A.B. asks: 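Input: one structure, supplied below.
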Amino acid sequence: MNTKTKSFLSSLPKPSVKDGDGIKAEYSVTILKDASFIYSVWRNFENLPRFMKHLDEVQVLNDTRTLWRAKPFENLETEWETEMIAETPDEFISWRSIEGSEISIAGSVHFSPAPRGQGTQVTVRMMYGPPLGKITHVITKLTKADPHSLLREDMKRFKSYIETGDILSTEGQPRGQGIEYKKTA
Amino acid sequence: MKAVCWNGKKKVTVESVDEPRLINKEDVVVSITSTAICGSDIHLYDGFVPTMERGDILGHEFMGEVVEKGPSVTKLKIGDRVVVPFVIACGQCYNCKNELYSLCDNSNPHGEKAEIAAGYQTAGIYGYSHMYGGFAGGQAEYARVPFANTGPIVVPTTLTDEQVLFLSDIFPTGYMAAENCDIKPGDIVAVWGCGPVGQLAIKSAFLLGASRVIAIDRFQERLDMVRDNSTAEVLNYDKEDDLVERLKVLTGGRGPDACIDAVGAEAHGHQFDAYYDRLKTAIGIGTDQAHALREAIRACRKGGNISIVGVYVGYPDAVPLGAAFAKGLKFKMGQCNVQKYMPTLLNLIEDGRIDPSFVITHKLNLSDASHAYDIFRNKKEDCVKVVLNPAA
């Protein structure tokens with residue numbers, strides 16, 4: 001991190017998720033594209049719902065602030081305002097929810113070159129302070145919507161979106177409903 | 001349309017289902033003219049593959065005519081006659097760019113379970129369980145084909161369906177098995193299992209320069225087929241006291257330079273302990289099927305190559321790794337990178353150097369799929385390979 005981002009960071013209030021609190025999730029994918037391209041897709045935050053399955057909308061409020069709306073699992077709709085803490089073009093972005101948000105989230109994404117022309121490693125680290133504390137984590141884990149699985153799924157989708165311009169789906173394909181085929185005369 | 005649906009163990013039914021439509025931008029819909037039953041379909045049929053769901057449409061060896069295409073499809077046009085590879089591959093990820101199509105990063109939308117089992121998810125496959133993407137298969141009148149710029153190959157009208165259909169799976173699979181043997185002039189290759197893949201591996205081994213191929217099976221009709229269609233020597237292991245000793249005698253005491261296991265434990269890599277336990281308790285399955293690999297390892301010459309093309313469950317019993325280590329064997333294995341081989345193999349067919357249709361023993365109607373699975377599964381009527389006609 002350069003001096004400029006450091007001073008920017010130190011000018012901000014304390015993180016919304018305290019060290020040691022909340023749930024940590026991290027995941028990394030390697031994407032066969034240049035860092036600058038991948039970075040630009042991510043940095044345009046309004047793109048994020050295209051691959052973050054449980055994110056409904058991201059609204060850019062100003063240079064550093066965005067409003068996120070999500071439905072992390074059934075019967076839980078939430079929104080929170082996020083501020084960017086640090087940014088190094090083509091390399092790094094970090095953000096966190098502002099104090100007093102419905103849920104507390106802090107996150108970062110690193111973009112670094114992968115060896116042997118394999119593209120760019122994209123590593124996301126998230127800290128969640130869920131709205132109801134650790135009990136929510138247990139519930140979400142049981143319903144398989146735990147932060148790690150969600151992040152994994154979203155990162156896979158992001159990679160597909162960047163590499164192929166689309167995210168492969170099987171929704172809407174035919175399947176048997178138990179209706180026996182009868183030869184028509 | 002009519003489609004062959006999985007409805008539990010030993011129960012496939014021909015059902016009326018909706019016709020497929022385009023879902024992703026690079027999809028095509030193919031009107032199917034020929035579709036085959038693969039040996040690996042039998043493991044779905046036998047209920048050995050987890051993450052199958054009632055109503056899943058089966059089939060991963062099919063060809064037909066492009067009748068619809070999405071906006072991103074640049075390599076195909078409506079009316080093209082195509083063979084579809086069983087492996088779905090995006091063509092854009094690092095593995096696809098390096099011709100490792102069966103390891104595609106982006107073609108399996110339901111890869112979580114594969115990732116838990118194998119560490120990483122692999123490519124999607126048509127009609128082959130939800131762990132392999134949950135894609136509707138091609139034993140139907142129509143199929144949706146994703147990533148159409150990297151999948152289907154256009155075939156000339158001068159060749160019949162039967163001649164080119166097996167480009168979808170078993171010919172490239174057999175060819176890759178032989179290629180993985182790293183054959184040098186004068187090499188002797190032994191092949192365990194003379195099903196359609198084993199037979200095409202035998203043909204491919206000769207094409208790649210093997211001086212001799214020794215084919216091993218216990219079904220005489222399959223060994224007869226090998227003898228009728230190639231110059232391979234055949235061994236019926238039911239009639240041999242000690243197969244490894246016999247192979248030694250046939251190879252001047254050196255052993256085969258390469259051994260192909262075209263038998264496998266055939267459950268397409270669903271590596272769960274629970275599943276393995278189920279398999280072990282199934283009558284005769286667990287031990288018999290690992291037997292081929294054990295024998296191949298023992299029989300192989302020192303420093304030789306083992307090529308595994310039959311599919312393993314993940315925890316085969318008592319694999320003699322000590323013997324493999326002591327002899328410095330080399331192992332290669334995996335699902336076929338079909339797209340890599342299709343153009344080369346189509347050329348071989350066009351040039352008349354091989355006609356893979358020799359493996360076909362039965363041509364039936366799609367509406368008779370239930371009967372077709374039964375005779376193929378139970379090796380009735382000397383059934384080796386079934387091709388289904390979706391129009392009837």
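Just so we're on the same page: letters track the sequence lines, and every chain starts at 1. Everything numeric in this text was worked out from a predicted model, so none of it was measured.
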A.B. asks: If you compare all heavy atoms of Leu32(A) against all heavy atoms of Lys97(B), which two are closest, and at what distance to 0.1 Å?
C.D. replies: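 So the minimum-distance heavy-atom pair works out to CD2-CG, 3.6 Å.
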
A.B. asks: At what distance, to the nearest 0.5 angstrom, does CG of Asp18(B) lie from CD1 of Ile179(A)?
C.D. replies: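 The CG atom of Asp18(B) sits 8.0 Å away from the CD1 atom of Ile179(A).
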
A.B. asks: For Gln177(A), does its backbone N or O pair with a side-chain atom of Glu15(B) as donor and acceptor, under 3.5 Å?
C.D. replies: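 Yes; at least one donor-acceptor contact below 3.5 Å.
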
A.B. asks: Which pair of heavy atoms, one from Ser169(A) and one from Arg144(B), lies closest together, and at what distance?
C.D. replies: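 Heavy atoms of Ser169(A) and Arg144(B) come nearest at O-NH1, 2.8 Å.
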
A.B. asks: What residue in Asn7(B), Val14(B), Val4(B) has the most heavy-atom pairs under 4.5 Å with chain A?
C.D. replies: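 The residue among Asn7(B), Val14(B), Val4(B) with the greatest pair count is Val14(B).
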
A.B. asks: Can you tell me if Asp63(A) has over 12 outside heavy atoms packed within less than 6.0 Å of its CG?
C.D. replies: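 Check fails, neighbour count at 12 or below.
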
A.B. asks: What part of Ser107(B) gets closer than 4.5 Å to chain A, counting heavy atoms only: side chain, backbone, both or neither?
C.D. replies: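 Contact with chain A: backbone and side chain both.
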
A.B. asks: What part of Glu115(B) lies closer than 4.5 angstrom to a heavy atom of chain A: side chain, backbone, both or neither?
C.D. replies: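 Contact with chain A: side chain only.
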
A.B. asks: What part of Ser367(B) lies closer than 4.5 angstrom to a heavy atom of chain A: side chain, backbone, both or neither?
C.D. replies: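 Only the side chain of Ser367(B) comes within 4.5 Å of chain A.
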
A.B. asks: What part of Glu180(A) gets closer than 4.5 Å to chain B, counting heavy atoms only: side chain, backbone, both or neither?
C.D. replies: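 When you check distances to chain B, atoms from both the backbone and side chain of Glu180(A) fall under 4.5 Å.
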
A.B. asks: Could I get the full list of salt bridge (charged side-chain N to carboxylate O under 4.0 Å, His left out) partners for Asp90(A), not counting sequence neighbours?
C.D. replies: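 Partners of Asp90(A) by the salt bridge (charged side-chain N to carboxylate O under 4.0 Å, His left out) criterion come out as none, since no residue qualifies.
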
A.B. asks: Minimum heavy-atom separation for Pro174(A) to Ala136(B), with atom names?
C.D. replies: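 For Pro174(A) versus Ala136(B), the nearest heavy atoms are O-CB, 3.9 Å.
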
A.B. asks: Using every non-hydrogen atom in the two residues, find where Ser16(B) and Tyr181(A) come nearest and quote the distance to one decimal.
C.D. replies: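 The answer is OG-CD1, 3.5 Å.
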
A.B. asks: Heavy atoms only, distances under 4.5 angstrom: which of Val29(A), Thr170(A), Thr30(A) has the most pairs with chain B? Name it, please.
C.D. replies: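 Of the candidates given, the most pairs with chain B belong to Thr170(A).
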
A.B. asks: For Ile78(B), check side-chain contact (heavy atoms from CB on, under 4.5 Å) against everything at least two apart and list the hits.
C.D. replies: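 side-chain contact (heavy atoms from CB on, under 4.5 Å) list for Ile78(B), sorted by chain: Val66(B), Lys69(B).
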
A.B. asks: So which of Cys5(B), Pro109(B), Cys93(B) has the largest heavy-atom pair count under 4.5 angstrom toward chain A?
C.D. replies: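 Of Cys5(B), Pro109(B), Cys93(B), Cys93(B) has the most heavy-atom pairs under 4.5 Å with chain A.
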
A.B. asks: Tell me which of these, Asp105(B), Thr13(B), Asn106(B), Asn98(B), has more heavy-atom pairs under 4.5 Å with chain A than the rest.
C.D. replies: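 Winner by heavy-atom pair count: Asn106(B).
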
A.B. asks: Which members of residues 154-168 of chain A, sorted by number, sit under 4.5 angstrom from chain B on a heavy-atom basis?
C.D. replies: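 Residues Lys156(A), Lys159(A), Ser160(A), Glu163(A), Thr164(A), Gly165(A), Asp166(A), Ile167(A), Leu168(A) are the ones that qualify, each having a heavy atom under 4.5 Å from chain B.
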
A.B. asks: Short question: side chain of Arg175(A), backbone of Arg54(B) - any donor-acceptor pair under 3.5 Å?
C.D. replies: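 Pair found, side chain donor or acceptor close to backbone of Arg54(B).
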
A.B. asks: Mind checking salt bridge (charged side-chain N to carboxylate O under 4.0 Å, His left out) for Glu153(A) and listing every partner two or more places apart, or none if nothing turns up?
C.D. replies: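 Testing Glu153(A) for salt bridge (charged side-chain N to carboxylate O under 4.0 Å, His left out), a comparison that skips the adjacent residues, returns Lys53(A).
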
A.B. asks: Give a yes or no on whether Lys10(B) atom NZ has more than 12 heavy-atom contacts from other residues, nucleotides or ligands under 6.0 Å away.
C.D. replies: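 Atom NZ in Lys10(B) is packed in, count exceeds 12.
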
A.B. asks: Tell me, for Ala3(B) versus chain A, whether the close heavy atoms (under 4.5 Å) come from the side chain, the backbone, both or neither.
C.D. replies: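 Contact with chain A is absent: no heavy atom of Ala3(B) under 4.5 Å.
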
A.B. asks: If you count heavy-atom pairs under 4.5 Å with chain A, which of Gly134(B), Cys90(B), Pro146(B) comes out on top?
C.D. replies: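 Greatest number of close heavy-atom pairs with chain A: Gly134(B).
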
A.B. asks: Might you confirm whether atom NZ of Lys33(A) has over 12 heavy atoms from other residues, nucleotides or ligands at distances under 6.0 Å?
C.D. replies: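 Enclosed.
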
A.B. asks: Could you tell me which portion of Glu53(B) (side chain, backbone, both or neither) has an atom closer than 4.5 angstrom to a non-hydrogen atom of chain A?
C.D. replies: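 Both the backbone and the side chain of Glu53(B) come within 4.5 Å of chain A.
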
A.B. asks: Is Phe147(B) in contact with chain A via its backbone, its side chain, both, or neither, using a 4.5 Å heavy-atom distance?
C.D. replies: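 Contact with chain A is through the side chain of Phe147(B) alone.
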
